[in-house]
Every structure is written in structure tokens, then in C-alpha cells.
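These notes concern the structure reproduced below.
In what follows, chains are A, B, ... by sequence order, proteins preceding strands, each numbered from 1. Just so we're clear, the structure is a prediction, and the values are computed from it rather than from any experiment.
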Amino acid sequence: MDIFADFSARIAKALKGLFPDAQNIDTLLQRATVEPPREASHGDISSNVAMVCAKALNTNPRDLAASLKEVLSSDQDIKSIDIAGPGFLNFKLADHVWHKVLAALLEAPDDFGRSNGGSGEKVNVEFVSTNPTGPMHVGHTRGAVFGDALASLLQFSGYDVTREYYINDAGAQVNVLAQSAYLRYRQAHGEKNVEIPAGLYPGKYLIPVGEALASEFGDALLDKPEAEWLPLVKPRVLSAMMDLIRHDLSLLGVTHDKFFSESELHKEKMQGENSIIAQTLESLREAGLVYQGTLEPPKGKAPEDWEDREQTLFRAKKFGDDTDRPLIKSNGDYTYFAADIAYHRDKFLRGFNDQIIVLGADHSGYTKRLQAAVKAVSEGKASIDVKICQIVRLMRDGKPFKMSKRSGDLVTVSDVVGEVGRDAVRFMLLFRRNEATMDFDFAKVKEQTRENPVFYVQYAHARANSISRTASKDMPDLDISEAALQRANIALLTTESEVEVLQMLAQWPRLVGAAPRAHEPHRIAFYLYDLAGVFHGFWSKGKLDPSLRFVNREQPELTKARLAMVGAVKQVLALGLGVLGVSAPDELS
RNA sequence: GGCCCCGUAGCUCAGCUGGAUAGAGCAACGGACUUCUAAUCCGUAGGUCGCACGUUCGAAUCGUGCCGGGGUCGCCA
């Protein structure tokens with residue numbers, strides 16, 4: 001039950017009643033807003049309809065507002081309407097409106113705010129997609145958490161979401177990986193003077209892979225030429241790396257529905273049949289989007305090895321990219337981008353007109369060509385929203401954290417999760433807009449104080465639970481079962497503090513409806529912080545004024561009503577934390 | 001040099017796709033509380049929303065141009 005959507009409909013109806021002959025009202029109303037005003041003194045709901053629609057209806061905002069006020073003031077749910085400023089309509093609502101919201105919440109707690117805004121539409125969210133050459137390091141964490149939370153958010157809102165991971169297992173670096181693993185294999189056979197040369201992957205995580213190869217193949221690979229051992233080693237090391245990555249993802253609580261392998265795009269499916277990439281390029285060719293030509297060298301930093309060469313290009317510029325893009329390397333292989341076009345065509349052919357991809361800041365330059373590719377392969381039917389996660393700076397006590405890259409031992413996901421815990425990592429990374437850079441301070445994230453938003457929100461949930469425990473201890477005869485609280489006389493909740501909490505709860509449906517449309521999970525985190533704030537605030541008032549305590553022996557009915565409200569707060573916190581993939585503990589350790 | 005992101009209180013950041021006198025936490029200042037329900041509470045002060053034009057009833061938000069910080073720039077993925 002979204003009261004803002006509800007009143008938006010009432011206003012629309014009133015407007016149509018006033019102008020039965022106007023045809024364009026629905027389009028006009030798209031620009032109108034019905035929202036909680038920033039300033040509490042402006043009422044509970046505020047709308048700019050009169051200002052937005054006046055001109056087209058041949059009137060002026062204040063007159064239109066006055067007419068609307070007259071029609072709407074007969075509504076029993078509206079306590080008063082003020083016309084303010086240039087023509088705002090400010091509504092004060094009757095308390096029973098908030099009670100109805102609470103009742104709806106108590107009746108279907110798990111579905112509160114769960115809209116059908118997505119109406120089952122298929123969305124593909126591609127995220128993480130790190131190269132399968134080692135365990136995940138911190139740099140990938142933000143994208144992983146963001147993508148996962150965004151996917152959950154969309155699901156909450158009724159989208160049919162597929163979480164997808166693109167495995168870059170076709171490029172040259174996977175061969176390098178296999179070579180590195182092969183050297184570890186030789187070491188596993190006791191060859192002491194085998195060194196991992198520069199340019200290969202020196203990480204220790206390949207040692208067990210080498211050992212596994214040794215126990216599987218014995219010494220059979222030692223004397224074979226690379227052309228023979230490579231096809232044996234490569235799939236095994238790749239699968240071992242994906243196991244590592246999946247393990248790291250599981251530490252973060254991230255799961256994917258589909259892992260798509262780049263090498264599938266290069267394969268000739270059947271004898272003589274073209275690969276998916278070849279087919280894709282063929283269809284682009286037919287559409288006149290591929291040509292032979294030359295590119296301008298990049299300006300500003302004239303590279304010495306620039307070779308003005310004719311190559312096969314995709315007309316990305318036609319779809320808004322800055323330049324056309326090469327499809328075939330000088331050695332005849334497809335470029336990474338060529339495969340990626342084929343991949344996104346595949347997504348489109350699988351029914352995803354609505355695509356999202358989460359990338360790190362270092363790939364932000366890739367955005368336009370990707371959008372161009374999706375437009376081209378779908379003939380404009382599909383689009384992709386590229387969400388860039390900005391850099392995270394690791395800090396310790398306010399000082400930047402030095403990472404040594406040389407040894408191949410970067411700070412990994414498991415290091416971070418191991419030190420601060422999954423909940424803190426996830427919440428902190430989501431407590432910021434994705435396009436803003438952020439500092440991640442280990443010390444601060446572990447603090448158990450008000451300054452730590454993870455703690456603050458989880459504590460609110462635990463406190464809600466603790467209040468119920470106190471109630472059953474202090475008032476053992478009171479029936480506070482879920483069923484009993486559903487029947488509680490919530491009309492007793494009329495103090496300012498109570499209404500404030502109820503109003504906050506009433507915003508959840510609106511928020512969790514808008515955040516997925518904007519692809520912005522951070523809004524959930526900020527909302528939870530605010531909700532926790534009003535809830536903690538209420539609790540504190542009870543310290544000074546015993547009449548505001550949740551549990552009140554003299555007033556069992558009021559206690560029940562308040563416990564129903566506390567349960568509702570707990571529920572919304574749990575729903576929100578659930579969307580973020582953060583646990584909602586009943587007790588804090 | 002091109003492109004992308006950022007610039008809002010001393011600090012860290014929100015600002016709900018154009019709304020009203022721009023918000024929160026921390027820090028600062030002034031009080032309250034001494035454990036009554038679990039990790040204090042209330043108040044005060046603090047702003048040229050980087051700068052300048054423009055769009056309109058109305059701009060932190062949209063457009064253009066600058067300034068500053070970060071990222072990135074054919075045949076790496």
C-alpha cells in the first residue's frame with residue numbers, strides 16, 4: 001500500500017472531474033509529483049500538480065489548486081489542505097490513514113512494499129565478470145555487492161531477474177594462466193629451479209592447481225610440447241579459478257544464475273558452422289554496420305607505435321559512440337569487443353531487452369560502445385544501462401592502505417570479509433551512490449557506535465526484538481503473538497512520536513518502488529538508516545517520559561498497539577536489509 | 001587533447017530524475033542525564049550547492065563554457 005500512489009490517483013481523478021473534456025491530462029500528470037515534503041510543516045503529502053497543469057488547462061496554478069482543494073476536501077482521509085507558495089497543494093492526513101498503512105503491513109508483512117512495478121519483465125544484470133586468473137581482490141567487491149543488491153531490489157519490485165557472469169576465458173591471458181599453472185605442475189614434481197617469470201601469474205593460489213595436475217597426470221605432461229599439454233591444462237586451471245571465485249562470491253553472499261563462457265562464442269558449434277561471433281558480424285555486415293577503414297590516432301598522447309592501418313570496423317559512431325571500433329586484431333583474431341557484441345546479441349536473443357551491466361571505474365570508457373552494440377544488435381529494441389562503480393580506497397585509521405601488487409598477493413575478498421564481516425562490507429559499500437568514490441576504513445567499519453551505520457541499523461532490528469522479549473517478561477499474561485498483534489487496537493497510536501514512525505513506514509513502499517526504477521540500491525540503505533533513526537529516537541524518549549515506553553503495564557491495549565508498531569519497524573528493517581543482502585540479527589553479539 | 005565520474009556545512013555524505021526557508025551524521029559550542037528499556041539525550045551555530053552565463057513560474061538538479069580532483073584513451077580483457 002503506497003499512500004503516495006494512492007493520493008496521486010485521487011488527485012488525478014479530481015482533476016479529470018474538473019476538466020472532463022481535456023484530453024491531455026494523463027500526459028500532464030506524468031510530470032506531476034505527489035511526495036512527502038522536505039519540510040514537515042508543509043504537511044504529510046505535497047503535490048505540484050496545479051503548477052504543472054495550469055498552463056495547459058488555461059488557468060493559473062493558484063486557481064487550479066483552489067478548485068482541487070474544494071473537490072478533495074470532502075475526502076475523509078484528508079484532515080486539511082493548504083495552498084502554499086506558487087501553487088503547492090499541501091495535505092495533512094487523518095491519523096487513520098497511517099493506521100491503515102500499519103494494518104496493511106501487519107496483514108501481509110512479507111509483501112509490504114512489494115509492488116508489481118516490474119510486472120514480470122525480464123532483466124539481465126551482469127556483474128563481477130572478473131577474469132578467471134585468480135581469486136577476487138577488493139577492487140571487485142563493490143561491483144559484486146552492488147550488482148547483487150540491485151538484482152534483489154529489482155526482484156522485490158517484480159522483475160524477472162537473471163544474475164549473470166561473463167567468463168573471459170578466451171583471450172591470451174588464459175593461456176598465460178595455463179602456462180603459470182604448468183610451471184607449478186613442474187614444481188609439484190620437485191623441480192627446484194623452476195621460477196615463475198615476469199609476465200606470468202606468480203600467485204600462490206596456483207600451487208594447489210599444479211599439485212592437482214601432478215596427481216592427475218603424474219609425469220605424463222613433463223615431456224610433452226605446449227601444444228599438447230595446453231588443451232589439458234587450460235580447462236582444469238580455469239575450472240579451479242572459477243571455483244576460487246565462486247567461493248569468494250559466496251563469502252560475500254553473492255550468487256549468479258548463469259555463468260556465460262566467452263569461449264562458447266568462438267566455437268564452431270558444428271562442423272563447418274560459423275561461430276556465434278562470425279554470425280553476429282555477418283548480421284551486422286548485412287545491416288551495413290561493418291566496413292574496412294582507418295581510425296584517427298588518439299589525440300594528445302601520440303603513441304610511437306601507432307600504425308595507420310586499414311581494419312575491420314563497427315560503426316559505433318552511428319549509435320552515439322565517439323569513434324568506430326575495431327572488430328579484428330592485426331593477427332586475425334577477433335577483438336574482445338567483437339566477442340562482446342556477440343555476447344550482448346545473445347542476451348538480446350534470450351529475451352533481454354532490458355539489460356544492466358555493472359563495471360568498475362577503469363572500464364567507464366567502455367560504456368558508449370557497449371550501448372552502441374546493444375542498440376545495433378537489437379535494432380534499437382534493447383538497451384543497456386551501464387552502472388559504473390567508482391574506486392574504493394582502503395583505509396586503516398584514516399590512512400590509506402598500501403597494497404603490494406608485486407607478489408601477486410593483493411588484498412583479497414576473503415581478507416576483507418574475514419576482518420570486518422560480510423554484513424559490514426555489504427552495507428558500507430551500499431551506503432554510498434555507486435558513482436561516488438569512497439573510502440573504506442577498516443577501523444570505522446568495525447566500530448559498534450552510532451557513527452557506524454551498519455551497527456546502527458542492525459541494532460535497531462535487535463532492539464525491536466529485545467522490546468518484545470522485555471514485554472513477555474514484564475507482562476507475561478499479555479498475548480503478544482503475531483495473530484494477537486494483528487488484532488491490536490492500533491488506533492491508539494496517536495502521539496507525535498508514534499505517527500512519525502508510522503509515516504516513516506509508509507514511505508517504504510514508495511521508496512522501494514522508485515529505487516529499482518532508478519537502479520539505485522543505495523537509497524534503501526539510507527532509508528534504513530533514517531528509519532532506524534526515528535525508531536531509536538522514540539525509544540530514547542521513553543527514557544525521559546515513561547508514558548512513551550513501548551511496554552506499559554498499566555496499559556495493556558496500548559502496549560499491544562505499540563508492539564504491533566515495533567514489529568512493523570522490525571519487519572521493514574528486515575525487508576530492507578534482506579534486499580541489501582545484510583543479515584537482520586535478533587541480538588547483537 | 002577527447003570521453004566518463006566527482007565538486008553541497010570544518011569533515012564524511014544525502015538531496016527521491018525541476019519545487020517551497022538546501023538536509024543528516026561526526027567535529028564545535030551550550031545544556032540535560034548518572035542507569036530507569038541495551039552501546040546517552042536535547043538544543044545552538046555553521047552554506048555564494050566549484051565559477052559564469054543560459055533554459056522557466058521555479059535550478060544543487062537540465063544546457064553551454066571554464067576551474068579543480070579522479071579514471072580512461074586502436075590490435076588488454
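- The pairing partner recorded for B:C16 is none, the criterion being a Watson-Crick or G-U wobble arrangement whose two distances lie under 3.5 angstrom.
- At the heavy-atom level, A:Ser46 lies under 4.0 Å from base atoms of the strands shown.
- Residue-level contact check: A:Ser466 touches the bases, meaning some heavy atom is under 4.0 Å from a base atom.
- Between A:Glu498 and A:Arg562 there is a salt bridge, since a side-chain N of the basic residue sits under 4.0 Å from a carboxylate O of the acidic one.
- If you measure from atom CE of A:Met51 to atom P of B:C57, you get 12 Å, rounded to the nearest angstrom.
- Taking atom CG of A:Asp530 as the reference point, atom C1' of B:C16 lies 12 Å away to the nearest angstrom.
- A:Val237 places none of its side-chain heavy atoms less than 4.5 Å from the side chain of A:Gln179.
- Set against B:A77, B:C13, B:C5, the side chain of A:Glu435 has B:C5 as its closest nucleotide.
- In this structure, CG of A:Asp441 is placed 15 Å from C1' of B:C13, rounded to the nearest angstrom.
- When the P atom is compared between B:A59 and B:C41, the two are found 38 Å apart, to the nearest whole Å.
- By the 6.0 Å and 45° rule, A:Arg325 does not stack over the aromatic ring of A:Phe314.
- A:Ile391 comes within 4.0 angstrom of the backbone, heavy atoms only, and of no base.
- When each of A:Met438 and A:Gln173 is assigned the nucleotide of RNA chain B with its nearest heavy atom, A:Met438 is the one assigned upstream, toward the 5' end.
- Of the candidate nucleotides B:G74, B:A77, B:C3, B:G74 has the atom nearest to the side chain of A:Pro326.
- Residue contacts for A:Asn90: at a heavy-atom cut-off of 4.0 Å it reaches a base atom on one of the strands shown.
- The base-pairing partner of B:G58, taking Watson-Crick or G-U wobble contacts with both distances under 3.5 Å, does not exist among the strands shown.
- For the pair A:Ser383/A:Gln371, no side-chain contact is recorded, criterion being any heavy-atom separation below 4.5 Å from C-beta on.
- Per the geometry, CG belonging to A:Leu295 stands 12 Å off C1' belonging to B:C73, to the nearest Å.
- Using C1' as the reference atom, B:G63 and B:A22 are 22 Å apart when rounded to the nearest Å.
- Aromatic ring orientation, A:His522 versus A:Phe526: perpendicular (interplanar angle above 60°, classes split at 30° and 60°).
- Here A:Ala84 lies in heavy-atom contact (under 4.0 Å) with a base.
- Evaluation of atom-type donor-acceptor distances gives a pair under 3.5 Å for the side chain of A:Asn48 against the base of B:G19.
- Applying the 4.0 Å criterion to OP1 and OP2 of B:G15, one finds that A:Arg38 has every side-chain N and O outside that range.
- Using a 4.0 Å heavy-atom distance criterion, A:Arg463 is classed as a sugar-phosphate-only contact.
- The side chain of A:Lys368 places no N or O atom within less than 4.0 Å of a non-bridging phosphate oxygen (OP1 or OP2) of B:C5.
- If you take CZ of A:Arg325 and C1' of B:C75, they are 13 Å apart, rounded to a whole angstrom.
- Closest to the side chain of A:Tyr336, from the set B:U12, B:A77, B:G19, is B:A77.
- Taking atom C1' on both B:G23 and B:G47, the two are 12 Å apart, rounded to the nearest angstrom.
- Nucleotide B:G30 forms a pair with B:C42, judged by Watson-Crick or G-U wobble geometry with both contacts under 3.5 Å.
- When the P atom of B:A60 is taken as reference, atom CZ of A:Arg433 falls 17 Å away, rounded to whole Å.
- The partner of B:G7, taking Watson-Crick or G-U wobble pairs whose two distances both stay under 3.5 Å, is B:C67.
- A gap of 24 Å separates the P atoms of B:C67 and B:G74, to the nearest Å.
- OP1 and OP2 of B:U37 both lie 4.0 Å or more from every side-chain N or O belonging to A:His536.
- Counting atom types as modelled, A:Ser540 pairs no side-chain N or O with a base atom of B:C41 as donor and acceptor under 3.5 Å.
- As judged by a 4.0 angstrom heavy-atom cut-off over every strand, A:Gln448 is placed among the base-contacting residues.
- Across every strand in view, B:G47 sits unpaired, with no contact that passes the Watson-Crick or G-U test at under 3.5 angstrom.
- With rounding to the nearest 0.5 angstrom, the CG atom of A:Leu200 is 11.5 Å from the OG1 atom of A:Thr133.
- Here the side chains of A:Glu262 and A:Ile167 are not in contact, with every heavy-atom distance at 4.5 Å or above.
- Residue A:Pro86 is classed as a base contact, given a heavy-atom separation below 4.0 Å to a base.
- Using a 4.0 Å heavy-atom distance criterion, A:Tyr529 is classed as a sugar-phosphate-only contact.
- When the nucleotides B:C26, B:G74, B:A77 are ranked by their closest atom to the side chain of A:Glu451, B:C26 comes out on top.
- Heavy atoms of A:Gln311 sit under 4.0 angstrom from at least one base atom.
- Using a 5.5 Å limit on the distance between ring centres and a 30° limit on the angle between planes, the aromatic ring of A:Phe526 does not count as stacked on the six-membered base ring of B:A14.
- Between A:Arg523 and B:C16 there is no side-chain polar atom (N or O) within less than 4.0 angstrom of OP1 or OP2.
- For the OP1/OP2 pair of B:C57 and a distance below 4.0 Å, the side-chain nitrogens and oxygens of A:Arg62 include no atom meeting the criterion.
- Contact annotation: A:Lys543 side-chain N/O to B:U40 OP1/OP2 distance is not under 4.0 Å.
- Side-chain atoms of A:His363 lie closest to B:A77 of the nucleotides B:C57, B:A77, B:G74.
- If you take atom P in B:A28 and the same atom in B:U64, they sit 43 Å apart, rounded to whole Å.
- Taking atom CE of A:Met504 as the reference point, atom P of B:A24 lies 13 Å away to the nearest angstrom.
- Between B:U40 and B:G7, the distance separating the two P atoms is 31 Å to the nearest Å.
- Among the atoms of the strands shown, only primed sugar atoms or phosphate atoms (P, OP1, OP2) are found under 4.0 Å from some heavy atom of A:His522.
- At a cut-off of 3.5 angstrom, counting only N and O atoms as typed in the model, there is no donor on one side facing an acceptor on the other between the side-chain of A:Asp340 and the base of B:A77.
- Residue A:Pro36 is in base contact, counting any heavy-atom pair closer than 4.0 Å across all strands shown.
- Listed for the A:Tyr165 side chain is a donor-acceptor partner under 3.5 Å among the backbone atoms of A:Thr130.
- Between the P atoms of B:U61 and B:A9, the separation comes to 15 Å (whole Å).
- Ion pairing of A:Arg432 with A:Asp439 is absent here, as no side-chain N (NZ or NE/NH1/NH2) approaches a carboxylate O to less than 4.0 Å.
- Heavy-atom nearest nucleotides on RNA chain B were determined for A:His42 and for A:Ile328, and the one closer to the 5' end corresponds to A:His42.
- One can place CZ of A:Arg393 at 13 Å from C1' of B:C11, the figure rounded to the nearest angstrom.
- Base pairing annotation: B:A22 forms no Watson-Crick or G-U wobble pair, as no partner gives both donor-acceptor distances under 3.5 Å.
- A donor atom on one side chain and an acceptor atom on the other are found under 3.5 Å apart for A:Asn90 and A:Ser46.
- The partner of B:G1 is B:C73, by the rule that a Watson-Crick or G-U pair needs both atom distances under 3.5 Å.
- Between B:C73 and B:C13, the two P atoms lie 25 Å apart (nearest whole Å).
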